[in-house]
Undergrad: 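Below is a structure I'd like to ask you about.
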Amino acid sequence: MSTLGGNTPLRRQPVQQRSAKRVEQMLDAGAALIDEIGYDALTTTLIAKRAGVAVGSLYQFFPDKRAVVRALTHRNLERFMAEIRERLEGVDHQHWWDVVDSILDIYLHMHRTVPGFSKVHFGDVVDRQLLDESKSNNKVIADELTDMLSKFLDVPAERVSFAITIANEAADSLLKLAFHRDPDGDAEVVEETKFLIKNYLATRLS
């Protein structure tokens with residue numbers, strides 16, 4: 001999945017390196033502003049000003065602020081999945097569930113360090129179907145994880161998908177609780193989340 005392709009709602013694709021760089025600047029500007037003022041106060045005019053481009057240039061690629069945040073969310077999802085894929089390549093396939101700790105750690109690290117991520121996560125704050133208009137944001141993530149993990153398992157695909165969906169929904173709710181209790185993620189809740197998800201998946205999919 002390309003950050004600037006697929007379901008990402010660009011009005012047109014940047015064909016030159018300069019244009020692609022300008023789009024990235026707009027996304028970076030949007031992320032920084034979300035951290036500072038939140039999604040509701042965000043405007044395309046503010047994004048363009050922060051990115052150092054004319055608002056007309058922004059409209060060449062994005063019809064509105066929602067489209068900017070959607071593209072930003074796709075970029076974050078790409079990063080999340082790429083880091084998980086890298087961790088999976090470095091573990092014994094017989095012990096793939098050890099990666100559960102890493103998956104949650106990657107998410108926590110992004111929440112703490114990636115501009116804008118703590119405010120919009122994978123899009124639910126804006127729209128529960130921001131990533132894909134045909135399914136929920138959590139379903140998009142669960143499907144990506146299922147595709148990644150299925151090759152390590154001698155388990156029917158439907159069973160993998162169901163287990164990953166349950167685990168993802170549970171982790172999402174528990175991590176929201178962790179960040180509600182502590183802006184950096186309550187350590188006790190995080191550890192309980194890891195324990196719950198890891199043992200659930202090991203029982204259902206090992």
Side-chain angles (χ1 to χ4, degrees), residues 1-14 20 22-48 50-51 53 55 57-85 103-104 106-148 161 164-180 183 185:
M1 179 176 60
S2 171
T3 300
L4 302 178
N7 287 317
T8 306
L10 285 173
R11 278 182 158 162
R12 68 181 180 87
Q13 298 295 320
R22 190 160 66 244
V23 168
E24 291 298 316
Q25 288 173 338
M26 295 174 195
L27 297 182
D28 291 342
L33 285 165
I34 288 169
D35 270 344
E36 294 171 19
I37 62 177
Y39 176 75
D40 288 342
L42 188 69
T43 67
T44 51
T45 300
L46 288 173
I47 296 170
R50 177 64 63 89
V53 302
V55 70
S57 294
L58 185 144
Y59 285 135
Q60 289 179 11
F61 298 99
F62 302 104
D64 50 33
K65 71 174 184 178
R66 182 182 183 277
V68 175
V69 176
R70 189 178 181 195
L72 177 64
T73 305
H74 272 280
R75 188 174 73 171
N76 287 338
L77 179 59
E78 277 189 355
R79 173 176 173 176
F80 181 62
M81 293 301 169
E83 292 196 30
I84 294 171
R85 192 175 296 108
I103 292 174
L104 292 174
I106 291 166
Y107 181 90
L108 292 166
H109 181 71
M110 289 182 65
H111 194 285
R112 294 164 180 156
T113 63
V114 175
F117 189 79
S118 66
K119 298 289 181 69
V120 296
H121 304 111
F122 287 120
D124 279 8
V125 173
V126 179
D127 186 335
R128 289 181 60 82
Q129 293 180 297
L130 184 68
L131 290 168
D132 188 324
E133 293 177 358
S134 67
K135 53 188 174 182
S136 71
N137 301 324
N138 275 354
K139 180 61 174 170
V140 172
I141 295 166
D143 286 350
E144 293 266 0
L145 289 172
T146 297
D147 288 344
M148 248 189 253
S161 177
I164 294 296
T165 296
I166 295 297
N168 187 56
E169 292 289 345
D172 182 48
S173 295
L174 289 169
L175 290 177
K176 284 177 181 174
L177 172 63
F179 285 108
H180 177 73

Undergrad: When rounded to the nearest 0.5 angstrom, what distance separates CZ in Arg79 from CD in Glu83?
TA: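 Nearest 0.5 Å value for the CZ-CD distance: 5.5 Å.
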Undergrad: Rounded to the nearest 0.5 Å, how far apart are OG1 of Thr44 and CE of Met26?
TA: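 CE of Met26 is found 11.0 Å from OG1 of Thr44.
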Undergrad: Indicate the atoms forming the closest heavy-atom contact of Tyr59 with Pro63, along with that distance.
TA: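 Where Tyr59 meets Pro63 most closely, the heavy atoms are CE2-O, 3.7 Å.
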Undergrad: Quick check on side chain to side chain contact (heavy atoms under 4.5 Å, CB included): which of Leu42, Asp28, Val53 does Ile47 satisfy it with?
TA: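 The single option meeting the side chain to side chain contact (heavy atoms under 4.5 Å, CB included) with Ile47 is Leu42.
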Undergrad: Would you name the heavy atoms of Ala29 and Arg50 that are closest together and state the gap between them?
TA: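 Looking at all heavy atoms of both residues, the closest pair is CB-CG, 3.5 Å.
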Undergrad: So, does Lys119 use its side chain to make a donor-acceptor pair with the main chain of Asp35 at under 3.5 Å?
TA: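 Between the backbone of Asp35 and the side chain of Lys119 there is a qualifying donor-acceptor contact (under 3.5 Å).
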Undergrad: To the closest 0.5 Å, what do you measure between CE (Met81) and CD1 (Ile106)?
TA: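 Met81 atom CE to Ile106 atom CD1 measures 10.0 Å (nearest 0.5 Å).
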Undergrad: Check side chain to side chain donor-acceptor pair (under 3.5 Å) between Asp143 and all other residues, then give those that pass, not counting sequence neighbours.
TA: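 Residues passing side chain to side chain donor-acceptor pair (under 3.5 Å) with Asp143: Lys135, Lys139.
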Undergrad: Determine the minimum heavy-atom distance between Ala32 and Pro115, stating which atoms define it.
TA: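 What the structure gives for the nearest pair is N-CB, 4.4 Å.
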Undergrad: Say you draw a straight line from OG1 of Thr73 to CG of Leu130; how long is it, rounded to the nearest 0.5 Å?
TA: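 Interatomic distance, Thr73 OG1 to Leu130 CG, rounded to 0.5 Å: 5.0 Å.
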Undergrad: Residues two or more places apart in sequence or in another chain: which of them pass ring-ring contact (aromatic ring centres under 6.0 Å, His included) with Phe117?
TA: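 In terms of ring-ring contact (aromatic ring centres under 6.0 Å, His included), with neighbours along the sequence ignored, Phe117 is linked to Tyr107, Phe122.
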Undergrad: For Asn168, is there any backbone N or O sitting under 3.5 Å from a side-chain donor or acceptor partner on Asn138?
TA: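 Side chain of Asn138 to backbone of Asn168, a donor-acceptor pair under 3.5 Å: no, none is there.
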Undergrad: Side chains of Leu177 and Ser173: closer than 4.5 Å at any heavy-atom pair?
TA: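 With C-beta onward as the side chain, the pair stays apart.
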Undergrad: Using side-chain heavy atoms (C-beta onward) and a distance below 4.5 Å, is Leu175 in contact with Leu108?
TA: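 Heavy-atom side-chain distance check passes, below 4.5 Å.
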Undergrad: Please report the shortest heavy-atom distance between Val126 and Arg66, naming the atom on each side.
TA: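 Where Val126 meets Arg66 most closely, the heavy atoms are CG1-CG, 4.2 Å.
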Undergrad: Between Lys176 and Asp124, what is the shortest heavy-atom contact and its length?
TA: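 Where Lys176 meets Asp124 most closely, the heavy atoms are NZ-OD2, 4.1 Å.
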Undergrad: How about CZ on Arg112, more than 12 heavy atoms from neighbouring residues, nucleotides or ligands closer than 6.0 Å, or not?
TA: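 Atom CZ in Arg112 is packed in, count exceeds 12.
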Undergrad: With heavy-atom distances below 4.5 Å as the criterion, would you say the side chains of Val23 and Phe62 are in contact?
TA: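 SC-SC contact between Val23 and Phe62 confirmed.
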Undergrad: Output all residues satisfying ring-ring contact (aromatic ring centres under 6.0 Å, His included) with His111, sequence neighbours left out; order by chain, then residue number.
TA: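 Partners of His111 under the ring-ring contact (aromatic ring centres under 6.0 Å, His included) test: His121, Phe179.
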Undergrad: Using a 3.5 Å distance criterion without hydrogens, assess whether the side chain of Lys65 forms a donor-acceptor pair with backbone atoms of Thr45.
TA: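 Flag not set: sc Lys65 to bb Thr45 has no pair under 3.5 Å.
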Undergrad: Working to the nearest 0.5 angstrom, can you tell me the gap between Leu145 CG and Ser161 OG?
TA: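 That separation rounds to 10.5 Å.
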Undergrad: Apply side chain to side chain contact (heavy atoms under 4.5 Å, CB included) to Leu77 and Asn137, showing your working.
TA: CA-CA 10 Å; Leu77 179 59; Asn137 301 324; over 6 Å; no
Undergrad: Just verifying a value: how many Å separate Arg22 CZ and Leu27 CG, rounded to the nearest 0.5 Å?
TA: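 Here the interatomic distance stands at 12.5 Å.
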